[in-house]
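Reviewing the structure listed below.
The analysis underlying the following values was restricted to heavy atoms, covering all of them including side chains, and did not include hydrogens, waters or symmetry mates.
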Amino acid sequence: MPSRINLEQTINSGQVFLWQKCGKFWYGINGQDVLKCNGMGVVESFCGGVTDFFGTSRDDVIVRKSISRDKRVCDAMMQYPGLRLLKQDTFQCMITFITSTNASIQKIQAGLKMLCRKFGNMVEFDGLEFFLFPEPDILAHASLAEIQKCGIGYRSKYVKHAAQMISDGTINLEDAGKMKYHEARKYLCDIPGVGNKVADCILLFSLEMDEAFPLDRWVLRILQEYYPDFEINTKSITEKQYDIIHDMAVEYFGPHAGHAQQFLFKMERDKHNKKWL
DNA sequence: CCAAGGCCTGAATG
DNA sequence: ACATTCAGGCCTT
């Protein structure tokens, strides 16, 4: 039985940063669209089109049954029955996680808001003003100095270069979604500012690739603390170690390992009282 | 001065 | 000659 989506749990799980609660509704920027949601899902879209932002088209029963092979993931699913993996705008997702390196959630959010305010179009929706996410062309042609004013530091040049690669067609994010997992991850790593971790975030949060298993400091900590069989003994990992650990994770958690990662990540951060949006 | 959801570069190793 | 690993640096609050 598929459980209902819970906005609080889903928005506050580190997948998105441009969301805010206004009264009883959540509003979020998704590319050139603004989504308005109640506690359970999208109720209105600025563009008026149908979006499957919450990935309701995927068979959640299959996914949950698959990752419930692990006891701890099972517990986390009980704790967060409404947590879902999203299908975000791919370009926004890419820029988001490029800016996320070495940054806290609050800092990521501040930087992205500035990018939107400076380079995105302002629209009025539901009596409120929003700044949409900058389009690839705009960021590609923006001056580096202007991008730097958004407070994203050394990531600025990556943002510009990455936007250029999307803008001129060197990289096609939708194409990545059609490749096999390892090929897709490698393909995305050609983008400046994108390493294995960021590539996995793009694949998992916007391209429905469930084998993607972002290995950040938190997930590494989780694995070494609760999964001794993984034998994680380093704090930071090399390219090759990333591969090995990733493949072990898919072997253990199954083809939908990325979902397992999201539940574990959410649970561990809450346990440490880390702040969300 | 340190920490915060990595990535890139150059140099050393095998 | 290669493929890996290692150590710093990096913007900002």
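- In summary, the aromatic rings of A/F265 and A/F213 are positioned with their centroids too far apart to meet the 6.0 Å limit.
- Computed from coordinates, the A/L223 CG to B/dG5 C1' distance equals 14 Å when rounded to whole Å.
- B/dA3 sits 14 Å from C/dC11 when the C1' atoms are compared, rounded to a whole Å.
- For residues 71-81 of chain A, every residue pair satisfying the side-chain hydrogen bond (donor to acceptor under 3.5 Å, both in side chains) rule, not counting sequence neighbours, is listed here: A/K71-A/D75, A/Y80-A/D270.
- Positionally, the nearest nucleotide of DNA chain B for A/F265 lies more toward the 5' end than for the other of A/G193 and A/F265.
- A distance of about 15 Å separates the P atoms of C/dC10 and B/dC1, rounded to the whole Å.
- Taking atom P in both B/dC2 and C/dG8, one finds a spacing of 14 Å when rounded to whole Å.
- Residue A/G14 is classed as a base contact, given a heavy-atom separation below 4.0 Å to a base.
- Between the side chains of A/D60 and A/H259, not a single donor N or O lies within less than 3.5 Å of an accepting N or O.
- In this view, A/F53 and A/W19 satisfy the ring pair (Phe, Tyr, Trp, His ring centres under 6.0 Å) rule, not counting sequence neighbours.
- As judged by a 4.0 angstrom heavy-atom cut-off over every strand, A/P214 is placed among residues making no nucleic acid contact.
- Not a single ring pair (Phe, Tyr, Trp, His ring centres under 6.0 Å) links A/F263 to another residue, sequence neighbours left out.
- A donor atom on one side chain and an acceptor atom on the other are not found under 3.5 Å apart for A/T10 and A/Q15.
- Regarding contacts with the backbone of B/dA4, every side-chain N or O of A/R217 stays at 4.0 angstrom or more from both OP1 and OP2.
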Please list every donor-acceptor pair under 3.5 Å in which a side-chain atom of residues 121-136 of chain A meets a protein atom from a residue at least two apart or in another chain.
from	atom 1	to	atom 2	distance (Å)
A/D126	OD2	A/Y27	OH	2.4
A/D126	OD2	A/K36	NZ	2.9

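- For DNA chain C, runs of at least 3 consecutive pairs of the Watson-Crick or G-U wobble type, with both hydrogen-bonding distances under 3.5 angstrom, map to B:6-14 with C:2-10.
- Residues forming a ring pair (Phe, Tyr, Trp, His ring centres under 6.0 Å) with A/Y181 (at least two apart in sequence, or on another chain): A/H246.
- Near DNA chain B, meaning a heavy atom under 4.0 Å from it, residues 266-277 of chain A has A/R269, A/W276 in order of number.
- Take A/D175 and apply the salt bridge (charged side-chain N to carboxylate O under 4.0 Å, His left out) test, not counting sequence neighbours, and it matches A/K178.
- In summary, A/E146 and A/K149 engage in a salt bridge, as defined by a charged side-chain N under 4.0 Å from a carboxylate O.
- Taking A/F25 as the reference, nothing meets the ring pair (Phe, Tyr, Trp, His ring centres under 6.0 Å) condition, with sequence neighbours excluded.
- Between A/Y158 and the options A/I191, A/I152, A/I98, a side chain to side chain contact (heavy atoms under 4.5 Å, CB included) holds for only A/I98.
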Legend entry - Annotated protein contacts, base or backbone, on nucleotides 3-13 of chain C with a non-hydrogen cut-off under 4.0 Å, one of B, S, - each: -SS----BBB-
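- At the heavy-atom level, A/V219 lies nowhere under 4.0 Å from the strands shown.
- Pairs passing the side-chain hydrogen bond (donor to acceptor under 3.5 Å, both in side chains) check and including a residue from residues 188-199 of chain A, sequence neighbours excluded, read A/R185-A/N196.
- Look at CD1 on A/I237: it is 13 Å from C1' on B/dG5, rounded to the nearest Å.
- B/dA4 atom C1' lies 15 Å from atom CD of A/Q109, rounded to whole Å.
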Inset, instruction - Report, as a single string ordered 5' to 3', how protein heavy atoms within less than 4.0 Å touch nucleotides 9-14 of chain B: B base, S sugar-phosphate only, - not at all. - result: ------
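- Whole-Å rounding puts the A/I202 CD1 to B/dG5 C1' distance at 14 Å.
- Taking the six-membered ring where tryptophan is involved, the planes of A/F205 and A/F97 are tilted, since the angle between them lies from 30° to 60°.
- At the heavy-atom level, A/I98 lies nowhere under 4.0 Å from the strands shown.
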